[in-house]
Amino acid sequence: MKKGDHLFLVDGSGFIFRAFHALPPLTRKSDGLPVGAVSGFCNMLWKLLTDARDTSVGVTPSHFAVIFDYASKTFRKDIYDAYKANRSAPPEELVPQFGLIRQATRAFNLPCIETEGFEADDIIATYARKAEAAGADVTIISSDKDLMQLVTSNVHMYDSMKDKQIGVAEVIEKWGVGPEKMIDLQAMVGDTVDNVPGIPGIGPKTAAQLLEEFGDLDTLLERAGEIKQVKRRENIVAHAEQARLSRRLVELRTDVPLGLDLEALVLEPQDGPKLVAFLKAMEFGTLTRRVAAACACDAEAIEPAVITVESGATARGPDLDPEQAGSSSVAAPAAPRTARSQQTGTELGKDMRPADLAKTRAEAFATAKIDRSCYVTIREIEELDDWIRGALDTGILAVEAEGNSIDPMQGELAGISLALLDNTHAPSGGEIRSAYIPLDHKTGEGDLLGGGRADNQLTIREALDRLKPLLENPSVLKLGHNLKFAYLLLKRYGITLQSYDDVMLMSYVLEAGKGGQGLDSLSERWLGHVPMTWKDVAGSGKSGLSFDKVDIERAMAYAAEKVDLTMRIWLVLKPRLASEKLTTVYERLERPMVATLAEMEERGITIDRQILSRLSGELAQKAAAVEDEIFQLAGEKFTIGSPKQLGDILFGKMGLSGGAKTKTGQWSTSAQVLEELAAVHELPRKIVDWRQLTKLKSTYTDALPGYVHPQTKRVHTSYSLASTTTGRLSSVEPNLQNIPIRTTEGRKIRAAFISTPGHKLVSADYSQIELRVLAHVADIPQLRQAFAEGIDIHSMTASEMFGVPVEGMPADIRRRAKAINFGIIYGISAFGLANQLSIERSEAGEYIKRYFERFPGIRDYMENTKSFVREHGYVETIFGRRAHYPEIRSSNPSVRAFNERAAINAPIQGSAADIIRRAMARMESALAQAGLEEKARMLLQVHDELIFEVEDAEIERTLPVVVTTMEQAAMPAIAMKVPLKVDARAAVNWDEAH
DNA sequence: ACGTACACCTA
DNA sequence: GTAGGTGTACGTC
C-alpha cells in the first residue's frame, strides 16, 4: 500500500445494530427470515463499490475490508470485569442476520475480518494506522463515536446512512474537542451502553470544557484541586482511578495481530454470478437487477444460492447447501479471504455438485432401513431440553404436530414428534434420531366415560414453553410434511412457526403430475419404504379412534416414523431441487403460501345462516312441487336422482330417442341431453329444474351451515397446495371455490357470504388472465394489441375470424368467438368445440382452421408445446413451474390426445396460478406497508379472484393497494407483453362485491 | 364401510 | 376441449 491508495474499512458489526434501529419496518424474506439489516448492508456495499466517488466520500477505494466483532471475551474484559456487562442479548430478529452479513461480505468478494480477543474497533484502528503510515488515505465506514479518536487529516469516517463525511472539523463541531482528545473525553464521560464508568456528573460539554482548560486527562487529574465547582472537584478527585481505567477501555489498540496484511485487502473484481445468486436468495429484487445489469449477467438464469442461517459468530447450522457448494454459478472462491481461523458452518458435501449430491443421497436412502425400535418417547422435561439443545446445535429439526382431529382449526394438540440429524458431515446427510412427546393422551380407549389423562406425560404448557423459542427461532430450520397443518394447529397455541421447509411442496415442485404428494407416497417413491398407515394406528370407521385415544406406544411409532421419513425425504429432495433448477419455484411460489394460506384459513368468512336456512326451505318447496309434476308426467314414482332409473323412464318406458351414452354404456341423462329433449317433451326440462334445485340445496344451503366453526362462528375452508397438476390451489371442507354465481337462485347463496359489521367484502379479480397469458406466451400481435388498447377480446376474435366490425358485433357471433377462445385455452378439438356450440364437427373444424390461419402463432405454440411435452414429459409455466404428463407417450390415441390438450392448457392455467400466488405472497406486506395491517385482511382465493374483508373507513385506501399488487404480480421476474388488469369492488356480500 | 359413476357447481 | 370438489345412488366387500 502506498501514497494515493485509499483503504475503506467497514464496521460490519456497528452497521448491523445501526441498520436495525434505523430501518423500521422490518424487512423480511418470504419465509419470514428478517433481513432488513442485511438489505441495508448490501445496498451500502454496492453503492460504495460502484460510485463512492459520487457520495460525500468523494474517492474510489483501492483496498477494502469489512471488520466484525468476534463474539468472545476481549482483552477489555480482563481489564474491567464489568465491561459491556450491561449489554443484553441482541434482539431476536437480529441474530440470524449476523451470519448473513458475513455471507454477504463474502458474496461481494470482500475480505471478512475478525480476530479473537479484539473488537472490530481495534482491528479497524490497527489497519487505519498502518495504512496511514504507508502514506495511504483511509475511510472508516461508521458513525460510531468510539472510532472518532482515529480521525486525522488522512483518516476520515463516513456515515453511510446520512451520506456524511466525518473529518477533524466534524469531530470538533460535534464534541467540542479534536479527535486527538476524544479518548480523554470518552474516559471522562463514560458509556452506559458499554458500561464504561467515566466520572459521575461529567457529560460531554463539561468534559470538553475541562479538556480545553487543562489540555488532557492526566493534567486535569493532577491539577483537579484547581477546579472551583465543589461537587465537580470532589467527583473528579474521587474517581481519578476510575477515569484512568475508563481511558484504557476506550482507547483503541493499534497493535492487533492481523491475519491479512494490507496488501491482501486490495479490491478484487466482483464475481457477478456469485453475488447475484446471493442477492436472489435474499430476495433483494432491485439490487439483484442492478448488480446483474452492471455485471452483464442474466439474473433469471442464475439460481439463488441456498443460504445457511448462522447465529452470530458461532456456527449454528450445518451448511446443508449443495447449491452454494457445488453449482458453478455460486461456487465459493478458491481461497476465501477470511482472516478467521474458525470457519463458520460445516459445508456438507462441499466438493459435490448438486446433481451428484442428489444422486448420492437418493441412492443412500433408496433402500432405507427404517428401524422403529430406535424411536423414543419423551416424558421428562430434561429429556426434552436435551433434544432442544440438539436442534440448536445442528440447526435442523423435523417436526410434526399431532392433533385429535384431522382439522387443525378444530382439534386439540395430542403430541409432537421431533427428528434430529447427527453427524451431518456424512454425504448421506447424517444419522437421524426420532422421538414422540405425548402431551394429552387419554386412557381407556373405547370407554364411554372417555377415560382420564394418561400418566407420565409432559403437559402441553410445559412442553410448548420450551418448544416455542425453538419453533420460532429463525436460525433453526424446521422440516415438515404439509406444514400448513402444524402451522395452524401450533398457531392456536400461540406459536408462529418460522423458517421451514415443506417436503410435500418440494416434491410437488419436482413431480407435479407424477403421483400423490402424501407422506406415504413420498416415502415409497423416495425411500422404498411403506410407512404405518393411519388405519394401522387408529382403526377406521365407527371404531376409529382420535389420536389422543391411541395407545402412546403405538402413537409414538407412528408419529416418530413420520418425522424420521420427513427428514430423510428432505435430505433427498433438497439437493434435487437445486440440481433441477427448481429452487426459485419452490422459494417464491410454494413456501410463502404455507403461512399465507394458514392465515387465510384461520380468518375464515362469515355466512348468514338465516339466509341459507330460508333458502333451503324455498328450495325444498320448489323441488317438491317439481317432483310432483315429474311423477305425473312419468306416470309413476321413481328415484329422480338415479340416472339409471331416470334413463329407464325416459328412453325405455317413454321411448324418447336417446342422445349420448356414458362411458359405461348407460344412456346419458346429462343436462345437455335433457336440454335437447326438452323440445319434444315436457319432462326433461322438469328434470333439469329439479336437479338444479336439489343440487343447490344439498351442496350449499344444507351443507354450508354445518361448516360454521363453533367458536369463531365463521367458515374456515382448507386449501390444498399440492393437489393439482397445474399449480392451482384447491379448496375443501367446504369447497369455497365453487360457490354458485351463474343463476339467480345460485347468486342468492353467494349473497349469504357477508362481511362483519363495520366492514365490507372486497372482491378483486383478474380480467381475462388466461387469454392474456396466452397472448404473452404465444406472442400474438392482434391479442397483444387488443389487450393493450382495452378492446373486448372476444369481439376482436370474432372480427378477425368472420370479418364483422367490432362495433355493433352481433351477440351470437361474439358468443362463438368466445367459445373458440376458451377452446384454445383448453387445447381445442373439433369434437369439443362442436359439442360446446351444438354444431357439426365439420363446421367446428372449419372454425378452428380459420382461427389458425388468422392466428398462426397459436398453432405454433400448440405444436411446440406438444413436441416439448413428448420430448421432456413435462411442460413449464412462465415462472418455470413444471407439470408432468407421464402418459403423453401412451399407445392409446385418446389418452395421448387428452394428455396433449392438458399439456397445452397447463402453461396457461399454471402461469395464471403462479401470478396470483405471487400476488398473495406479497399482499400481506403490501397492505402492511400502506398501514392496512389488520384493517384489510385477505380471506379467500378463487383461482383468479381474491376476497378481502376490509374496515369501512379503509376501503378507498385498500382498493388501489390490492389492484396494484395483483397487476404487478408478475414483475420483476417476468415483464408481461400484455398488461394485467384487475377489477375490484366492495359490498356487504360476496354477490354484490363480485 | 368404501369405491365408483354420474351429475353439476366453480374458474 | 382444461383444472378442481361434493352429493347421491348403487355396487361390492
Side-chain angles (χ1 to χ4, degrees), chain A residues 512-513 535 539-544 638-647 660-674 687-688 690-700 702-704 706-707 717-720 723-743 745-747 749-750 765-766 768-770 774 819-837 841 844 847-848 862 875 883 885 894 897-910 912-913 916 940-945 994:
Chain A
K535 273 192 209 163
S540 69
K542 228 169 79 176
S543 57
F638 65 101
T639 309
I640 308 171
S642 162
K644 188 172 171 295
Q645 291 186 35
L646 178 61
K661 292 259 183 98
T662 68
K663 64 178 168 211
T664 51
Q666 291 259 341
W667 287 111
S668 168
T669 64
S670 70
Q672 195 175 2
V673 169
L674 297 179
I687 303 289
V688 171
W690 180 88
R691 279 184 180 164
Q692 197 211 359
L693 295 166
T694 53
K695 171 77 179 177
L696 294 179
K697 181 172 185 291
S698 66
T699 309
Y700 302 104
D702 288 352
L704 281 173
Y707 288 104
T717 184
S718 175
Y719 289 102
S720 173
S723 62
T724 71
T725 307
T726 55
R728 271 193 178 180
L729 304 178
S730 73
S731 158
V732 292
E733 291 184 312
N735 180 357
L736 295 186
Q737 291 180 321
N738 71 345
I739 300 304
I741 191 168
R742 283 166 47 207
T743 64
E745 287 294 294
R747 293 176 79 124
I749 293 165
R750 196 165 270 236
D765 67 310
Y766 283 106
Q768 307 284 11
I769 188 168
E770 294 192 345
L774 176 68
I820 295 167
N821 277 333
F822 272 98
I824 295 294
I825 290 171
Y826 297 153
I828 201 155
S829 75
F831 178 84
L833 183 62
N835 255 344
Q836 179 67 30
L837 288 176
R841 218 150 81 213
Y847 282 1
I848 295 169
M862 290 183 164
V875 289
Y885 295 93
S894 67
F898 175 78
N899 278 275
E900 284 173 359
R901 290 194 298 273
I904 287 167
N905 171 257
I908 303 169
Q909 188 186 112
I916 197 165
L940 303 177
Q941 190 253 39
V942 191
H943 307 310
D944 66 356
E945 176 189 13
H994 186 80

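Only a predicted model underlies this, so the values are computations on that prediction, with no experimental measurement involved. Letters go in sequence order (proteins before strands), and every chain restarts at 1.
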Chemist: Just to be sure I understand the rule, does A/T694 reach a base, reach only the sugar-phosphate, or reach nothing, if contact means heavy atoms closer than 4.0 Å?
Modeler: nothing
Chemist: Just the rounded figure in Å: distance from P of B/dC8 to CD of A/E745.
Modeler: 16 Å
Chemist: Can you tell me the distance, in whole Å, between the CD1 atom of A/I916 and the P atom of C/dA3?
Modeler: 19 Å
Chemist: Would you be so kind as to tabulate the donor-acceptor pairs closer than 3.5 Å made by side chains of residues 826-834 of chain A, with sequence neighbours excluded?
Modeler:
| residue | atom | partner | partner atom | Å |
| --- | --- | --- | --- | --- |
| A/S829 | OG | A/G832 | N | 2.9 |

Chemist: Quick one: closest heavy-atom pair of A/I824 and A/M862, and the distance?
Modeler: O-CE, 3.4 Å
Chemist: Scan A/E945 against the nucleic acid and name what it touches under 4.0 Å (heavy atoms): base, sugar-phosphate only, or nothing.
Modeler: nothing
Chemist: Quick check for you: among B/dA11, C/dT2, C/dG1, whose closest atom lies nearest to any side-chain atom of A/I828?
Modeler: C/dG1
Chemist: Closest to the A/S668 side chain: B/dA7, B/dA11, C/dA3?
Modeler: B/dA7
Chemist: Once you round it to whole Å, what is the distance between P of C/dG1 and CE of A/M862?
Modeler: 14 Å
Chemist: Choosing from B/dA7, C/dT2, B/dT10, which nucleotide comes nearest the side chain of A/P740?
Modeler: B/dT10
Chemist: When you measure from the side chain of A/T717 to the backbone N and O of A/P734, does any donor-acceptor pair fall under 3.5 Å?
Modeler: yes
Chemist: For C/dG4, does the base pair up with any side-chain atom of A/Q737 as donor and acceptor (N or O, under 3.5 Å, distance only)?
Modeler: no
Chemist: Under 4.0 angstrom, heavy atoms only, what part of the nucleic acid is A/I739 near: base, sugar-phosphate, or nothing?
Modeler: sugar-phosphate
Chemist: For A/R691 and A/L674, which heavy atoms make the closest approach, and how far apart are they?
Modeler: NH1-CD1, 3.6 Å
Chemist: Between C/dG1 atom P and A/I848 atom CD1, what is the distance in whole Å?
Modeler: 11 Å
Chemist: Between atom CD in A/Q909 and atom P in C/dA3, what is the gap in whole Å?
Modeler: 7 Å
Chemist: For a quick check of understanding: with a heavy-atom distance under 4.0 Å over all strands, which category does A/A671 fall into, base, sugar-phosphate or nothing?
Modeler: sugar-phosphate
Chemist: Tell me the closest heavy-atom pair linking A/G746 and A/L696, and the distance in Å.
Modeler: N-CD1, 4.0 Å
Chemist: Tell me whether the side-chain N/O atoms of A/R742 come closer than 4.0 Å to OP1 or OP2 in B/dT10.
Modeler: yes
Chemist: Can you measure A/I749 atom CD1 to B/dC9 atom P for me and round it to whole angstrom units?
Modeler: 10 Å
Chemist: So, is A/T669 close to the B/dA7 phosphate, meaning a side-chain N or O under 4.0 Å from OP1 or OP2?
Modeler: yes
Chemist: Examine distances only and state if a side-chain atom of A/Q737 and a backbone atom of A/Q941 form a donor-acceptor pair shorter than 3.5 Å.
Modeler: yes
Chemist: Taking A/L736's backbone N and O only, do any of them form a donor-acceptor pair with A/S731's side chain (distance below 3.5 Å, no angle check)?
Modeler: yes
Chemist: Report, as a single string ordered 5' to 3', how protein heavy atoms within less than 4.0 Å touch nucleotides 5-13 of chain C: B base, S sugar-phosphate only, - not at all.
Modeler: BBSSSS---
Chemist: Can you tell me how far P of C/dG1 sits from CG of A/L837, to the nearest Å?
Modeler: 12 Å
Chemist: Please report the shortest heavy-atom distance between A/I908 and A/E770, naming the atom on each side.
Modeler: CG2-O, 3.4 Å
Chemist: By the 4.0 Å heavy-atom rule, please label A/A834 as base, sugar-phosphate, or nothing.
Modeler: nothing
Chemist: Could you check how far CD1 of A/I824 sits from C1' of C/dG1, rounded to whole Å?
Modeler: 10 Å
Chemist: Over all strands shown, is A/R901 touching base, sugar-phosphate only, or nothing at heavy-atom distances under 4.0 angstrom?
Modeler: sugar-phosphate
Chemist: Check the phosphate of B/dC8 against A/T743, side-chain N and O only, distance under 4.0 Å to OP1 or OP2. Yes or no?
Modeler: no
